[in-house]
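First up is the structure itself, then whatever we jot down about it.
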Amino acid sequence: MTPFLDRDLRVKPINAFIDPPQPQARAIITHGHADHARSGHGAVLATPDTIAIMKTRYGEDCAGTFQALEFGVPLQVDDVQITFFPAGHILGSAQVLLEHKGQRIVVTGDYKTRPDRTAQPFELVKCHLLVTEATFGLPVFQHPDPLDEIQRLLRVAAAHPERAYVIGCYALGKAQRVISLLREAGYDRPIYLHGAMIRLCALYEERGIALGDLRHSLDVPKAELAGQIVIAPPSAIKDRWSRRLPDPVLAVASGWMSVKQRARQSGVELPLIISDHADWNELRETITATEAETIWVTHGREDALVYWCQQQGRLAEPLNIEAYEDGEEEGE
Amino acid sequence: MKAFAQLLELLALTPSRNRKIEALKDYFARTPDPDRGFALAILTGAMDFKNVKPAVLREVVTREVDPALFAMSYDYVGDLGETIALIWPHHGAAGELPSLTELIELFQTTSKAELPKLIASLLTRAEINERWALVKLATGALRIGLSARLAKTALAEMSGKDLQEIEEVWHGITLPYTELFAWLDGRAERPDIDHAARFHPMMLSNPIDEDKDLEKLDPAEFSAEWKWDGIRVQMIASRGRVSLFSRTGDDIAAAFPDVVDAVFGDAVLDGELLVGREFEASSFNDLQQRLNRKVASPKQLAELPAFIRVYDMLFDGQTDIRALSWSERRARLETWFAANPQTRMDLSEVLPFASWEELAQLRRTGADEHGHEGVMVKLKSSPYVPGRPKGLWYKWKRDPNVVDAILMYAQRGHGKRSSFYSDYTFGVWKGNEIVPIGKAYFGFTDEELKQLDKWVRTNTVASFGPVREVKKELVFEVAFDSAQQSTRHKSGVALRFPRINRIRWDKPAGEAATLDDMTVFLSAT
Ligand SMILES: [Zn+2]
Ligand SMILES: [Zn+2]
């Protein structure tokens, strides 16, 4: 069966692109991260949350028109039916199910299958062709329970209450997830935010994700930040900004943090392995469960996952789509 | 194991020296014996334990993980140990890992054949950070950038003990350091170190500069002794064991059983090893014969008895007295000698002098009449400081012996001088004949060497392979440390450390020295 999707993720019958890196007339956007959603498209189809995120980040008029599509509601465009299913990655993140002449194609976008209070939970969708991400597509990536990681942070913070704990997070998704995990772990003290975090945290709250007592770190005297948790972009620790913190510990929350060499090289003192992507085991479980005959692998370490799929007797190939690079959002 | 894994991770990730020290202090304070002792040994690299070869680990892993996937992962992570820790696919087996002590014992006692099974089961039981520490531990490749000194500093801060004291004790204690920690915790006395077990670095002297030093130094503050022509040794007698170390810390006791067996009493002494009867030192040559043998022959023991001329004391019994002044150490040394009569050790004599002129006179007569190498001059108030500290001990060598000798043969040199005749045999008159007394290849400027080479080529009378015999016309001023009777040389004289001071282009060969002139030097030995 020839797929009706081509290898740069264009839905051929309707000439619409999924997460296109260049401006296109018709774009289907899986989620709000910069390597998937960018401004300048003609018509954008996305979930209501994703549209809200795009407007917050890029402005109300960052696309010609927006069409919101709720999860699980099919939309017929010519002879292609489009349905969004939650990807569990960040708020509003969707997998795209495309149906055409009895052929089912799923484009996962970024996804994770573990529970996350800040994102609609992942739903498995069976299909013929699966286009999967592979950010953590190597068997060395086996993410631990994120609550254990948070507990570890809280233990260290309790043992050394004289220091401030800066958790390096990307502003969209990771920051809110970490805050939510802290609340889940019973941490009910104020959490301080770097300025770059404020807008998106407010948006999450507006859209019904409770994050508790959040404060701007700017207004707080240095001494008061001892023993406190501050959420900031990972790069902020190297800025003048960090001088206002008492003896800060840099704790970066990311799936990459499992590799100690990498943590060490980037000067991370307290690596927290908290990822918004499927790890090696989740990727394999998902691929198996979709029962897809053909797997296209994109967005990450394709080689190992393609190799594994082939070992399993599936057709698999890497897509090698040129990623839209944005330093701060890299790997999201 | 959990605590040790946490410590390792923290040490690896914390750039701050103070935080590393804090973490170490915390770990040592909270971890029971003997775990913390083994941890200390691992961190300081003091433990030499049977490592698991990387190849074995790789084999264990590739039984569980597809080798191609393993290769891609290793390629990405870059560190074998870390790749294994991260890629291990089985987790969450019941039960905690064994303690550090039990782990080390397991690694030590498990047979090669059983090792892969053991490692697999440990990896499965470990939590993620433990797995990393486990692999690091098993391969012995910690690479966390921690110096032994930092670990000891942490011990010092934890206990309030002096770092220097910990260093002192360090060399004498054994795994798992329970006596060390008992002392650090304040539960026991400082560990009683058996000094016979180790060598203490020696204190060395600097040459005196007659023009600069003497006018600045007050003779009343210094003591003087002969500089003996033997080898420097450290004699350590403790609890019935005697060791004899050379200056470089080699134990040479086996070659000198005559000395070692005769030691009476406990001490660490510094002195000169000499050969001779009744404490009369004979030539360095005699000593050299003893030194050439790893184990002394009965004949040598009978004919060339050895003894030690003692000039300093580092430990009086088990008491470290190195911090005391030379005067105090000397007094204790004399008291010790009186209490412990010796047959193969005597005391180096302290030379009385009131001025540097007086000492210079002593030095000359000592050299001429007794063959001493010169005198040692030591600051009376100085402690015993290992190394070569400035301004405390001086050596004041006698002026070298000098003789005018005639060039006889020249030979091509080696290396960059291989095209030059740079190796010279010279001799002195014996009646109308010239007899060789030595050979030297030393110390010309390139210009002089060229001149000399040219002279040799134009004055050759005969050639034997690389050797040319020359006209007996050119005089060298040859300096040497001492002269000895020798049956190997036709002249019956051998020079020690001969070197060519200068070329006497001006001096006629007829005015060179005679063999009779050499007897003065011989009588001095
Ligand atoms: Zn992405
Ligand atoms: Zn993303």
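Only this structure's heavy atoms are used, side chains among them; waters, hydrogens and symmetry mates stay out. Chain identifiers are assigned alphabetically (A, B, ...) following the order of the sequence lines, protein sequences preceding nucleic acid strands; residue numbering begins at 1 within each chain.
- When heavy atoms are compared at a cutoff of 4.5 Å, Trp132(B) approaches chain A solely by way of its side chain, counted from C-beta outward.
- At a 4.5 Å heavy-atom cutoff, the contact between Asp66(B) and chain A is made by side-chain atoms alone.
- In this structure, chain B has a heavy atom under 4.5 Å from the backbone of Val268(A), while its side chain stays farther away.
- Residue contact with chain B, scored on non-hydrogen atoms closer than 4.5 Å, is absent for Asp148(A).
- Counting heavy-atom neighbours within 6.0 Å of Glu189(B) CD, excluding the residue itself, gives a total of 12 or less.
- Relative orientation of the Trp256(A) and Phe136(A) rings is tilted, given thresholds of 30° and 60° on the angle between their planes.
- Side-chain contact between Leu103(B) and Phe38(B) is absent, with no heavy atoms from C-beta onward closer than 4.5 Å.
- The distance from the CG atom of Leu137(B) to the CG atom of Leu100(B) is 6.0 Å, given to the nearest 0.5 Å.
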